[in-house]
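Values reported hereafter were calculated over all heavy atoms of this structure, with side chains retained and with hydrogens, waters and symmetry mates removed. On a predicted model such as this, the values are computed, not experimentally measured, just so you know.
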Amino acid sequence: MISFLNLQYFLLLSEELNFNNTAKKLHVTQQTLSGHIKKMEHDLGVKLFNYGPPLEITPAGLLLKAHAEVLLNQMKKWRWISLNSRHPRVAL
């Protein structure tokens, strides 16, 4: 199963196209980052990157990137709305 964390790691790597830089930005090891990406590839049954050099995103990776960006943006909006909601609480 793919998690939001997997998607966040994937999206940053798809922008950076560099495992070392991405791992540093995420404050994880390259091995941890690589494990997340390999798990996603296994779960989805597709290669998300061509492991060059240079590292390149595949067509399947581009498709996932487009959908992941939308999904994570919607999640951010939902969190903002839920945190900023002014609905009164009902006392039971």
Side chain proximity check, Tyr9 to Thr22, heavy atoms < 4.5 angstrom: no
Sequence-distant partners of Glu15, side-chain hydrogen bond (donor to acceptor under 3.5 Å, both in side chains), two or more places apart: Lys65
Check: Asn18 side chain, Asn20 main-chain N or O, donor-acceptor pair, under 3.5 Å: yes
Common cluster, Leu44/Leu72, ILVMFWY with side-chain heavy-atom separation under 4.5 Å: yes
Any donor-acceptor pair under 3.5 Å from Glu41 side chain to Leu48 backbone: yes
Same cluster (ILVMFWY, side-chain, under 4.5 Å), Val70 and Leu62: no
Sub-4.5 Å side-chain heavy-atom contact between Leu13 and Ile57: no
Within 6.0 Å of NZ in Lys25, more than 12 heavy atoms from elsewhere: no
Common cluster, Leu11/Leu5, ILVMFWY with side-chain heavy-atom separation under 4.5 Å: yes
Please table the atom pairs, donor to acceptor, closer than 3.5 Å between any side-chain atom in residues 30-38 and protein atoms at least two apart or in another chain.
| from | atom 1 | to | atom 2 | distance (Å) |
| --- | --- | --- | --- | --- |
| Thr32 | OG1 | Thr29 | OG1 | 2.9 |
| His36 | ND1 | Asn6 | ND2 | 2.7 |

Cluster check Met75, Ile2: I/L/V/M/F/W/Y, side chain < 4.5 angstrom: yes
Flag, side chain of Lys39 to backbone of Met1, donor-acceptor distance under 3.5 Å: yes
Within-4.5 Å side-chain heavy-atom neighbours: Val46 and Thr58: no
